[in-house]
Amino acid sequence: MPELPEVETIKNDLLPTVVGHRFTRVDILDPEIVRQPGIAEFCHRLVGQRVEGLERRGKYLIFRLSSGAALILHLKMSGSLLFNPRQIDPYARAVFYFDDGSRLVFADPRRFGVMWLVEDVETVVGKLGPEPLAPGFTPEVLLKLLSQRRAPIKAVLCDQDLIAGIGNMYADEALFRANIHPLRRANSLCWREVKRLHSAIRQVLETAIGNKGASTDTYVRPDGQLGTAHSSFCVAHRGGEPCPVCGTPVERIALRNRGTYFCPRCQPGSPS
DNA sequence: CCCGGAACCTGAAGGC
DNA sequence: TGCCTTCAGGTTCCGG
């Protein structure tokens, strides 16, 4: 599942290969993947544009174009970007061709992935909360966000309008490292817990970026390599396995229809 | 506004 | 072998 570390890795991998090149052709194989504008206009306005920059915001990937417009991609749960793949991917939804002969394939088995071509990036990413790795994201900022919510802390961490980029797996990992039960109400955390959580969020995300993302499911890097971040996960996707700290079996509960993994001994307490 | 649940989608994996 | 259920989960929509 591409979350912040996976999208950051894809951005870093693609940066040297696409920046400075022009789109010469775009094939849309699944019309559902284009959210805005219509397909014909999307292709027409993209072809001929040079990529001036590549950025990440939350889980969104943003291609800055020479016209001033931007191509924005969201991989959702199962999307991947493949650069010059050897074989045709059976789940290819769109193919971009560049002026140096290279091509970029947007593949997505579950068909949730989407793209926009917009003049103003803010119309797509405008409601996102702060970047958790930006200097301005301090423990004080986190405390303020959490103090306004009484939903379970796990659900709040995954809310993109509050903090951008954290998804199911990294929320579980951050809460484990901070020794906080996922069902605790967000506004019940004390200052020490907020500081621990702030530090845990940054550690978990930075470590995962260093490991080039987590290949738990369909995620691959543009060159086809897998990320290795999942091998150092403590609880995420590890139901029944022993906690690496105390040996207690990792528990799995459902929260908002999402698997939530935690250690009942290292993350004690329940709601309230 | 806040919160929780369902829906969208499809393949893998496990049970019987 | 084959059918059925569960799991995976980012985002959006809807009802309370």
Side-chain angles (χ1 to χ4, degrees), chain A residues 1-10 29-36 56-62 72-81 89-94 106-116 118 123-129 131-132 144-175 182-188 204-205 208 213-220 226-227 229-230 233 235-241 250-262 270-272:
Chain A
M1 321 306 146
E3 300 181 26
L4 187 155
E6 288 74 31
V7 181
E8 180 71 13
T9 300
I10 292 168
L29 310 177
D30 177 0
E32 294 289 309
I33 203 168
V34 179
R35 182 158 296 180
Q36 191 192 331
R56 178 194 58 75
R57 176 79 172 94
K59 302 171 189 170
Y60 295 79
L61 188 61
I62 303 168
I72 307 180
L73 274 61
H74 197 302
L75 302 173
K76 296 292 179 84
M77 296 183 327
S78 59
S80 55
L81 288 175
D89 190 289
Y91 303 112
R93 308 296 177 194
F106 188 165
D108 185 8
R110 264 164 258 182
R111 302 179 62 215
F112 282 130
V114 281
M115 314 192 277
W116 298 256
V118 292
T123 61
V124 177
V125 300
K127 289 199 311 182
L128 291 177
E131 287 289 326
K144 184 157 190 193
L145 293 174
L146 300 186
S147 65
Q148 294 160 350
R149 299 296 191 107
R150 53 180 279 111
I153 182 64
K154 161 78 182 284
V156 171
L157 287 182
C158 292
D159 185 339
Q160 303 302 296
D161 296 349
L162 261 72
I163 307 169
I166 300 174
N168 208 42
M169 334 181 266
Y170 293 110
D172 281 356
E173 287 300 304
L175 288 168
L183 294 183
R184 288 277 306 281
R185 297 201 179 271
N187 62 3
S188 78
V204 162
L205 295 177
S215 290
T216 54
D217 193 5
T218 57
Y219 166 76
V220 291
L226 299 179
H230 54 291
F233 279 173
V235 291
H237 292 118
R238 293 194 185 276
E241 293 180 38
V250 171
E251 255 181 54
R252 178 190 186 277
I253 57 173
L255 171 58
R256 298 277 221 280
N257 288 327
R258 297 289 172 266
T260 292
Y261 299 90
F262 67 102
S270 46
S272 75

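Below, chain A is the first sequence line, B the second, and so on; all start at residue 1. Computed from heavy atoms alone, side chains included, the values below leave out hydrogens, waters and symmetry copies.
For A/R256, taking side-chain heavy atoms from C-beta onward, the closest of the listed nucleotides C/dC7, C/dT11, B/dG4 is B/dG4. Out of B/dA7, B/dC2, B/dG4, the shortest distance to the side chain of A/R149 is found at B/dC2. In the set B/dG4, B/dG5, C/dT11, B/dG5 carries the atom at the smallest distance from any side-chain atom of A/N257.
Between A/W116 atom CH2 and C/dT12 atom C1' there is a gap of 11 Å when expressed in whole angstrom units. Residue A/R35 contributes atom CZ, which lies 6 Å from atom P of C/dT12 at whole-angstrom precision. Rounded to a whole Å, the NE2 atom of A/H237 is 14 Å from the C1' atom of C/dT6. The interatomic distance linking A/R258 (CZ) with B/dA7 (P) rounds to 13 Å, in whole Å. Going from atom CZ of A/R57 over to atom P of C/dT11 covers 12 Å, rounded to whole Å.
Counting any heavy atom pair closer than 4.0 Å across all strands shown, A/Q148 reaches no nucleic acid atom.
In this structure, the side chain to side chain donor-acceptor pair (under 3.5 Å) partners of A/R56, at least two apart in sequence or on a different chain, are A/E8, A/E131.
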Counting primed atoms plus P, OP1 and OP2 as sugar-phosphate and everything else as base, spell out the protein contacts along nucleotides 9-16 of chain B at 4.0 Å heavy-atom distance: B, S or - for each nucleotide, 5' to 3'. BBS-----
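Listed by residue number, the members of residues 152-174 of chain A with any heavy atom below 4.0 angstrom from DNA chain B are A/P152.
Checked by atom type, the side-chain pair A/Y170/A/E6 shows a donor-acceptor distance below 3.5 Å.
Interatomic distance, A/F106 CZ to A/R93 CZ, rounded to the nearest 0.5 Å: 9.5 Å.
With contacts defined as side-chain heavy-atom distances shorter than 4.5 Å, the pair A/K76/A/R110 does not qualify. You'll find the side chain of A/N187 stays beyond 4.5 Å of the side chain of A/L146, heavy atoms only.
Dashed line: the shortest gap from a side-chain N or O of A/K76 to OP1 or OP2 of B/dC8 is not under 4.0 Å.
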